[in-house]
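Working notes for the structure below.
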Amino acid sequence: MKKSCVIGWPIAHSRSPLIHNHWLAKHKIAGSYERVAVEPQHLESFLKNLAANGFVGCNVTLPHKETALAAVDHCDESVKAIGALNTVYVRNSETYATSTDGEGFLQNLLAHVPDFDPAGKNITLLGAGGSAKAIIECLLRAKVKSITVVNRTFSRAQDLQRTFGPKIIPADIVNLHLNLCDVLINTTSQGMAGQAPLEIDLSSLPTAAIVADIVYVPLITPFLRQAEARGHRTVPGLGMLLHQAVRGFELWFGVKPEVTPELYDLIAHDIDPDFKP
Ligand SMILES: NC(=O)c1ccc[n+]([C@@H]2O[C@H](COP(=O)([O-])OP(=O)(O)OC[C@H]3O[C@@H](n4cnc5c(N)ncnc54)[C@H](OP(=O)(O)O)[C@@H]3O)[C@@H](O)[C@H]2O)c1
């Protein structure tokens with residue numbers, strides 16, 4: 001029986017087991033996917049012994065996404081660019097790392113706006129943390145024209161320009177001009193349940209612009225409601241969580257699963273028991 005897991009510290013909140021066990025049942029695969037709490041001081045030995053302990057791979061979440069790089073045998077180009085990983089898989093007893101968050105974001109965007117072509121687009125991205133890096137790396141590969149990065153700590157937006165090059169334009173939220181923006185993305189934790197809401201003036205944003213939020217608790221954030229009320233096409237964050245899981249499942253279990261409405265409803269209901277499809 002093939003087994004995989006998600007590791008983090010703490011890990012009790014992770015919804016990844018719900019997603020992967022849904023796919024395992026759907027594809028009638030004799031496999032398992034569990035949560036494993038791994039303390040930071042045990043991360044290296046856990047990953048070094050992954051294959052020996054019978055795992056075909058694992059997901060890696062906070063606080064290990066960056067420190068895990070030193071404990072795997074091979075990192076792909078996206079992991080090297082971002083400096084973080086979220087998926088590890090085993091081949092010939094060696095560990096390989098990739099990052100699927102950026103692709104998960106893009107696939108979710110395409111699921112909501114199927115005719116969207118990233119090439120040549122101007123992106124405005126709020127936030128400069130781990131998920132921002134993964135999304136930037138993916139959007140640059142998809143040949144966007146520019147990515148304006150707005151962050152509370154301005155120096156972190158400047159760091160992203162140093163890392164990813166001149167298409168990254170650090171900007172200040174005060175006097176932010178959105179008139180050339182094709183896609184506005186929130187990657188900050190503002191608007192998440194228990195956090196301060198994201199407050200932004202959208203009056204200069206063209207109506208044709210797409211507005212995405214990667215926060216998925218609540219399922220529809222106040223920021224997305226504000227954008228919907230102005231007539232924008234909106235992209236909620238839960239789909240990113242589901243789409244980023246596809247690649248790991250395929251690498252571990254050899255079947256490419258689908259993100260279906262049935263899966264969306266299952267996880268949405270877990271997040272919000274009042275959720276109605
Ligand atoms: N949908 C998905 O699959 C998915 C995947 C990953 C993450 N997420 C969600 O995305 C959010 C960010 O995750 P992350 O891993 O990128 O976090 P992170 O690395 O800790 O970065 C957090 C970002 O939010 C900014 N921020 C936090 N509080 C703020 C505030 N009060 N005002 C202004 N800016 C604030 C930080 O700015 P500073 O640099 O100034 O601190 C930073 O840019 C979380 O809510 C997470 O749950 C969703």
Side-chain angles (χ1 to χ4, degrees), residues 6 8-16 18-20 59-68 78 82-87 99-112 124-139 147-161 163-164 168 170-174 176 184-201 211-224 234-249 259 263-264 267-268 270-272:
V6 55
W9 183 262
I11 195 61
H13 63 278
S14 174
R15 293 191 170 85
S16 292
L18 261 184
I19 300 171
H20 289 286
N59 281 130
V60 177
T61 188
L62 301 177
H64 303 319
K65 284 182 163 192
E66 291 163 9
T67 44
S78 65
I82 298 162
L85 60 82
N86 72 349
T87 303
S99 171
T100 65
D101 278 337
E103 196 58 32
F105 173 80
L106 185 56
Q107 291 307 320
N108 184 39
L109 175 48
L110 291 170
H112 283 85
T124 299
L125 193 139
L126 310 173
S131 50
K133 282 191 215 168
I135 291 170
I136 287 172
E137 191 272 338
C138 181
L139 291 178
I147 306 180
T148 301
V149 177
V150 181
N151 195 48
R152 174 179 62 181
T153 310
F154 188 68
S155 60
R156 292 185 82 193
Q158 292 174 311
D159 290 343
L160 292 183
Q161 188 183 47
T163 304
F164 292 103
I168 309 303
D172 212 309
I173 193 142
V174 180
L176 180 66
L184 174 64
I185 309 165
N186 175 44
T187 75
T188 75
S189 43
Q190 292 172 99
M192 201 171 134
Q195 303 278 331
L198 169 58
E199 281 168 12
I200 183 166
D201 177 5
V211 177
D213 199 335
I214 72 163
V215 170
Y216 58 87
V217 183
L219 294 165
I220 308 294
T221 58
F223 171 58
L224 287 183
T234 56
V235 182
L238 178 56
M240 173 177 166
L241 180 74
L242 307 179
H243 281 279
Q244 66 77 31
V246 168
R247 182 85 181 118
F249 190 91
V259 174
L263 175 64
Y264 188 95
I267 311 301
D270 186 66
I271 291 169
D272 177 3

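For ligands, and for the atoms within them, numbers begin at 1 and follow the listed sequence. Numbers here simply count residues along the sequence, with the first being 1. Not measured: the values here are computed from a predicted model. Just the heavy atoms: all of them, side chains too, but no hydrogens, waters or symmetry mates, feed the values below.
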Mind checking what makes salt bridge (Lys or Arg N to Asp or Glu O under 4.0 Å) contact with D272, not counting sequence neighbours?
-> none
Tell me, which residues have any heavy atom less than 4.0 Å from some atom of ligand 1?
-> G127, A128, G129, G130, S131, N151, R152, T153, R156, T187, T188, S189, Q190, M192, I214, V215, Y216, G237, M240, L241
Decide side-chain contact (heavy atoms from CB on, under 4.5 Å) for R15 and D270; before the verdict, give the C-alpha distance in whole Å, the side-chain angles of both, and the deciding distance to 0.1 Å.
-> CA-CA 9 Å; R15 293 191 170 85; D270 186 66; 2.7 Å; yes
Atom pairs and distances, donor-acceptor, side-chain atoms in residues 188-200, under 3.5 Å, two or more places apart:
from	atom 1	to	atom 2	distance (Å)
T188	OG1	N186	OD1	2.8
T188	OG1	Q190	N	3.1
T188	OG1	Q190	NE2	3.1

Please test F105 against T187 for side-chain contact (heavy atoms from CB on, under 4.5 Å), starting from the C-alpha separation and ending with a verdict.
-> CA-CA 11 Å; F105 173 80; T187 75; over 6 Å; no
Under the side-chain contact (heavy atoms from CB on, under 4.5 Å) rule, what do L160 and I147 come out as? Steps first, then yes or no, please.
-> CA-CA 10 Å; L160 292 183; I147 306 180; over 6 Å; no
Hits for salt bridge (Lys or Arg N to Asp or Glu O under 4.0 Å) against D213, two or more places apart or cross-chain, chain-then-number order -> none
